[in-house]
Amino acid sequence: MSDNGTLRAIGLMSGTSLDGIDVALLDTDGAGLVRRGPSRGYPYEAAFRERLAAALQAAKSIEDRDARPGDLAALDREIAERHAEAVRRFAADCGIDLASVDLVGFHGQTVLHRPEWGLTVQIGDGQRLAEALGLPVIHDMRAADMAAGGQGAPLVPAYHAALAAGLPDALQPEGPVAFVNIGGISNVTFIDGEAEPVAFDSGPGMALIDQWVQREAGIPFDQNGTIASEGGIVATLAASYLDAPFFERPAPKSLDRFDFAVPEKGAGALEDVARTLAFVTAEAILKAAEQMPRQPRLWIICGGGRRHPLIMQDLREGAARRGARAILAEEAGLDGDAMEAEAWAYLAVRSVKGLPLTFPGTTGCRAPTTGGVSARPAALTSGASAWDR
């Protein structure tokens, strides 16, 4: 730990899109001091993505969060090993001495998220990762929030608040800011600078589009929105999603990947359904403002979904109709790919300092709640911890 309380942390994120591992370096005190370092993404090969997709089906039977039916036990180990390899590659690619790193924030791979049952399961053996890297690892950061009555998601808002405070003066709007992450599921964070953030999952992200084109065309995703660009919006299909009871539920609220079903065969032409699902993703995000204290004046769009031109078009046009702007994270000087990995580094530092990761307004927990499980390699189990160096 430096004299000003800053720690150097690596954050690791593998999200609901199942596309790979994002790695980012952050120097932070876990509060307002944030120095963003390099980041990289390391994709999974198609065969491994298929194993993960199958594991999601097997995980539907889990009632005990320690259970690992089917391939999940093997994946628990393999996820840790793949993350260790990603960290080593990241260090080599970016010229980082791992001896300079204090700790690792490890999300793991979510295979089941059922807040109504108080159950969330992320696979990836934190202790195995710690041993492989020789570094302390903070993992399993959602469970404590659920034990405190929360949804266990989203956890990134604490980091969004730190980023909002550091936005350039030219981007400081005359009103609230909303951060949006479009992964497999989309989530939003409302920040007005005067109170704790408000956050919740807003609805489908890229998962429905990916599942639709995979099933109907045998391709993993609609790259650059090429398929959707040839289609039109099917109004009845869009309404069937946007009228779902989820949107009337008060925030905070969170979703599992399977809470919104992929359209049935015969729902429409490949390109029309793809275009409709892109519209649904954007409209659900903008609809989230109905459950925020005020309308945001600036929407900052992060995550892989920001690369879909039609989603961004719908967001920009919809925000403009509401007297606001929607911009890419990069237009705010941020990295829309690395933000969640950066957040896991930030949250790991907050965890070791005992600071809250979640708040009543972000997950519904009864009080601000810290969390995370510390895994330490055998070489560090005696003597000073990594963050006492």
Side-chain angles (χ1 to χ4, degrees), residues 31-34 36 151 153-183 185-205 242 246-254 279-303 305-306 308-336 338-340 342-343 346 356-364 368:
L33 193 158
V34 173
R36 297 169 45 243
Q151 295 269 317
L155 265 65
V156 180
Y159 184 55
H160 286 158
L163 292 178
L167 286 175
D169 290 342
L171 277 175
Q172 293 288 350
E174 294 181 2
V177 176
F179 280 81
V180 180
N181 181 68
I182 310 176
I185 292 165
S186 298
N187 57 66
V188 296
T189 303
F190 172 93
I191 299 163
D192 66 6
E194 299 175 1
E196 292 174 353
V198 173
F200 49 96
D201 286 349
S202 58
L242 295 170
F246 170 80
F247 296 107
E248 301 303 320
R249 279 170 40 199
K253 53 188 174 180
S254 61
F279 171 77
V280 167
T281 294
E283 193 63 21
I285 289 165
L286 296 166
K287 190 179 180 70
E290 297 170 7
Q291 296 196 0
M292 296 176 181
R294 291 186 288 157
Q295 282 278 342
R297 297 301 301 275
L298 179 67
W299 298 82
I300 298 176
I301 315 302
C302 318
R306 79 192 190 288
H308 196 297
L310 291 168
I311 291 177
M312 281 306 305
Q313 173 186 308
D314 290 342
L315 284 171
R316 292 185 195 276
E317 292 176 356
R321 288 195 297 270
R322 294 163 170 83
R325 287 188 298 156
I327 65 172
L328 295 170
E330 288 71 16
E331 295 175 73
L334 303 172
D335 187 329
M339 193 172 296
E340 285 203 303
E342 290 172 0
Y346 182 80
L357 309 188
T358 59
F359 304 88
T362 63
T363 66

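Throughout, numbering of the chain's residues begins at 1 and tracks the sequence.
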Can you name the nearest heavy-atom pair linking [X] to [Y], along with the distance?
{"X": "Thr363", "Y": "Ala153", "value": "CG2-O, 3.6 Å"}
{"X": "Gln291", "Y": "Ala251", "value": "OE1-N, 3.0 Å"}
{"X": "Pro197", "Y": "Ile191", "value": "CB-CG1, 4.1 Å"}
{"X": "Phe200", "Y": "Pro252", "value": "CB-CA, 4.1 Å"}
{"X": "Pro204", "Y": "Phe247", "value": "CD-CZ, 4.4 Å"}
{"X": "Leu315", "Y": "Ala282", "value": "CD2-O, 3.6 Å"}

If I take atom [atom1] from residue [X] and atom [atom2] from residue [Y], how far apart are they, to the nearest 0.5 angstrom?
{"X": "Ile185", "Y": "Asp201", "atom1": "CD1", "atom2": "CG", "result": "5.5 Å"}
{"X": "Thr281", "Y": "Leu310", "atom1": "OG1", "atom2": "CG", "result": "11.0 Å"}
{"X": "Lys253", "Y": "Ser202", "atom1": "NZ", "atom2": "OG", "result": "9.0 Å"}
{"X": "His308", "Y": "Gln313", "atom1": "NE2", "atom2": "CD", "result": "10.5 Å"}
{"X": "Arg322", "Y": "Leu286", "atom1": "CZ", "atom2": "CG", "result": "4.5 Å"}

Given Ile285 and Ile182, is the side chain to side chain contact (heavy atoms under 4.5 Å, CB included) satisfied, shown in steps?
CA-CA 9 Å; Ile285 289 165; Ile182 310 176; 3.8 Å; yes
Determine, step by step, whether Met312 and Leu328 satisfy the side chain to side chain contact (heavy atoms under 4.5 Å, CB included) criterion, reporting the C-alpha distance in whole Å, the side-chain angles of both residues, the deciding distance to 0.1 Å, and the verdict.
CA-CA 8 Å; Met312 281 306 305; Leu328 295 170; 3.8 Å; yes
Measure from the side-chain N and O atoms of [X] to the backbone N and O of [Y], and report whether any donor-acceptor pair falls under 3.5 Å.
{"X": "Glu283", "Y": "Asp314", "result": "no"}
{"X": "Arg306", "Y": "Gly303", "result": "yes"}
{"X": "Tyr346", "Y": "Ala31", "result": "yes"}
{"X": "Gln295", "Y": "Ala289", "result": "no"}
{"X": "Glu331", "Y": "Ala326", "result": "no"}
{"X": "Thr358", "Y": "Leu155", "result": "no"}

Looking at Leu167, Val180, Thr189, Leu163, which one forms a side-chain contact (heavy atoms from CB on, under 4.5 Å) with Ile300?
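Between Ile300 and the candidates, side-chain contact (heavy atoms from CB on, under 4.5 Å) is satisfied uniquely by Leu167.
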Out of Arg294, Met292, Arg297, which one pairs with Asp192 under the side-chain contact (heavy atoms from CB on, under 4.5 Å) rule?
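For Asp192, the side-chain contact (heavy atoms from CB on, under 4.5 Å) check succeeds only for Arg294.
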Met339 and His160: CA distance, side-chain angles, deciding distance, side chain to side chain contact (heavy atoms under 4.5 Å, CB included) verdict
CA-CA 9 Å; Met339 193 172 296; His160 286 158; 3.7 Å; yes
Give the intermediate values and the outcome of side chain to side chain contact (heavy atoms under 4.5 Å, CB included) for residues Phe179 and Val156.
CA-CA 10 Å; Phe179 280 81; Val156 180; over 6 Å; no
Evaluate the side-chain proximity of Pro368 to Pro360: yes if any heavy-atom separation is below 4.5 Å, no if none is.
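SC-SC contact between Pro360 and Pro368 confirmed.
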